[in-house]
Amino acid sequence: MSKGTTTTYMAPAKINLSLRVLGKREDGYHDVDILMAKLDLADKLDFYNSRTTTLLCDAPGVPTDESNLVVKAVREFENAYGRKAKQKITLTKNIPHGAGLGGGSADAAITLKACNDIIGTNYTDEELHTMAAALGSDVPFFLNPVISRCTGRGEIVTPEPELADWSSPIVLLKPQFGVSTPSAYKLLRGAHRIKGVNYGAQVVDGIKLVNELERAVFTKFPVLGFTKMWMLGRPGVRAALMSGSGSTLFALTETIEQARELAEAARAELDPTLWSYCGYVNPKD
Ligand code: C5P
């Protein structure tokens, strides 16, 4: 790649169609069984060859220093490469933070792929996977975000070819507050069920949707449990669930119009400050 060229990459968000917590491990993580799918909601990353690595971001409050997963991904790549990557990176955020939508993980995975492409290092999928897993449990999925089963702590990714062509309209709702992943797992101890909230598995097109972190997160934020039940009562809703460790809730609808109507009704009836997104899960590219 010659100097002076900007290369643009899109980093799609994910939802957990299913998240089961199998048990706590010696290393502090939890063994999980996750069904992960990408959305047509994505961040944009522009890469430009430069003298040093710098990160610019349009979203206020997103750190652009060494604590950002994009910069951590560059450093992980440089550790393997043994030289500096020297990229000016501009990150345009569309995926909200602390949402359970994998925004930071997606940005990190795309950064590894972009550095590999632009610098021409030709690292194999396996080598990129090792770098991705060191950055976070969700990062490897985003190297090839086809609908997949993720096990171990989430880093063992197995595509589900029989679901490759499945897609659905989806609406996402997120309150102003976010939930950090470590806090959600910590809340598992002492979590209880809120009366009137349905935590059971829901089945859509033969896919079993359940999130075993809901009990923990709804105990601390009951409003999320009530919002899930409100979503389940809306026209055309086939299933409603929390994504990952929250705070985003999603509903699969029969039509995209029903998804839009749900988002409007949620703002009118529940909370005018709700963030929402209507689109498709596992979109056909
Ligand atoms: O892997 P990642 O950095 O995203 O994980 C953040 C934190 O979330 C971990 O330090 C751990 O507390 C918790 N976690 C977990 N089990 C997992 C994934 C994450 O306990 N499978």
Side-chain angles (χ1 to χ4, degrees), residues 13-39 41 61-63 67-69 72 95-109 133 135-142 148-157 170 172-194 197-202 208-229 231 239-251 271 274-275 277 281:
K14 59 83 176 169
I15 57 155
N16 303 82
L17 286 166
S18 176
L19 192 168
R20 296 192 50 230
V21 184
L22 307 179
K24 191 155 186 206
R25 310 179 351 167
E26 296 275 305
D27 61 5
Y29 284 89
H30 292 76
D31 276 317
V32 290
D33 182 329
I34 290 171
L35 183 61
M36 197 97 103
K38 74 171 175 184
L39 301 176
L41 166 69
V62 173
S67 69
N68 190 298
L69 266 178
K72 287 186 179 174
I95 308 169
H97 170 76
L101 298 174
S105 300
D107 298 341
L135 292 164
S137 306
D138 281 354
V139 181
F141 164 77
F142 292 102
S148 296
R149 183 73 51 189
C150 303
T151 54
R153 60 182 168 93
E155 88 286 19
I156 304 169
V157 183
I170 190 169
L172 312 176
L173 294 181
K174 182 190 168 288
Q176 298 261 304
F177 65 85
V179 178
S180 84
T181 305
S183 77
Y185 279 98
K186 274 201 199 97
L187 286 165
L188 274 172
R189 277 182 77 151
H192 61 261
R193 288 169 186 272
I194 302 169
V197 173
N198 178 7
Y199 299 87
Q202 306 164 56
K208 218 171 167 183
L209 293 97
V210 69
N211 184 339
E212 292 183 351
L213 286 177
E214 283 184 341
R215 218 160 27 92
V217 177
F218 293 179
T219 299
K220 181 157 181 206
F221 302 108
V223 68
L224 295 177
F226 301 132
T227 305
K228 171 182 168 173
M229 294 316 289
M231 290 170 99
L241 212 67
M242 185 174 79
S243 181
S245 53
S247 59
T248 301
L249 300 166
F250 69 85
D271 176 359
L274 279 171
W275 172 88
Y277 180 79
V281 54

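The structure displayed is predicted, hence computed values, not measured ones.
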So [Y] and [X], do their side chains get closer than 4.5 Å, heavy atoms only?
X: L172; Y: I15; value: yes
X: D107; Y: L69; value: no
X: Y29; Y: S137; value: yes

Output all residues satisfying side chain to side chain donor-acceptor pair (under 3.5 Å) with T219, sequence neighbours left out; order by chain, then residue number.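 By the side chain to side chain donor-acceptor pair (under 3.5 Å) rule, T219 matches no residue at all.
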
Residues in ring pair (Phe, Tyr, Trp, His ring centres under 6.0 Å) contact with Y277, at least two apart in sequence or another chain: none

Is there a donor-acceptor contact under 3.5 Å from the side chain of D33 to the main chain of T151? no

Looking at A99, is its backbone amide N or carbonyl O close enough to the side chain of T248 to form a donor-acceptor pair, meaning the two atoms are under 3.5 Å apart?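 Confirmed, T248 side chain pairs with A99 backbone.
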
Non-hydrogen atoms of [X] and [Y] that approach each other most closely:
X: P175; Y: S247; result: CD-O, 3.4 Å
X: S183; Y: V179; result: OG-CG1, 3.9 Å
X: R193; Y: R215; result: CG-CD, 3.8 Å
X: A184; Y: V217; result: CB-CG2, 3.8 Å

My understanding is that only residues two or more places apart in sequence, or in another chain, count here; which of them pass salt bridge (charged side-chain N to carboxylate O under 4.0 Å, His left out) with [X]?
X: K228; answer: E214
X: E212; answer: R20
X: K14; answer: D138

Pair up each side-chain donor or acceptor in residues 239-246 with any protein partner under 3.5 Å, not counting sequence neighbours, and list the distances.
{"residue": "S243", "atom": "OG", "partner": "N16", "partner atom": "N", "Å": "3.3"}
{"residue": "S243", "atom": "OG", "partner": "G100", "partner atom": "O", "Å": "2.9"}
{"residue": "S245", "atom": "OG", "partner": "T181", "partner atom": "OG1", "Å": "3.2"}

Measuring from atom [atom1] of [X] to atom [atom2] of [Y], what distance do you get when rounded to the nearest 0.5 angstrom?
X: D27; Y: R153; atom1: CG; atom2: CZ; answer: 7.5 Å
X: M36; Y: S18; atom1: CE; atom2: OG; answer: 11.5 Å
X: L213; Y: L188; atom1: CG; atom2: CG; answer: 5.5 Å
X: L17; Y: N211; atom1: CG; atom2: CG; answer: 10.5 Å
X: L101; Y: F250; atom1: CG; atom2: CZ; answer: 10.0 Å

Below 30° counts as parallel, above 60° as perpendicular, anything between as tilted: where do the rings of F218 and Y199 land?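 Judged by the thresholds at 30° and 60°, the geometry between F218 and Y199 is tilted.
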
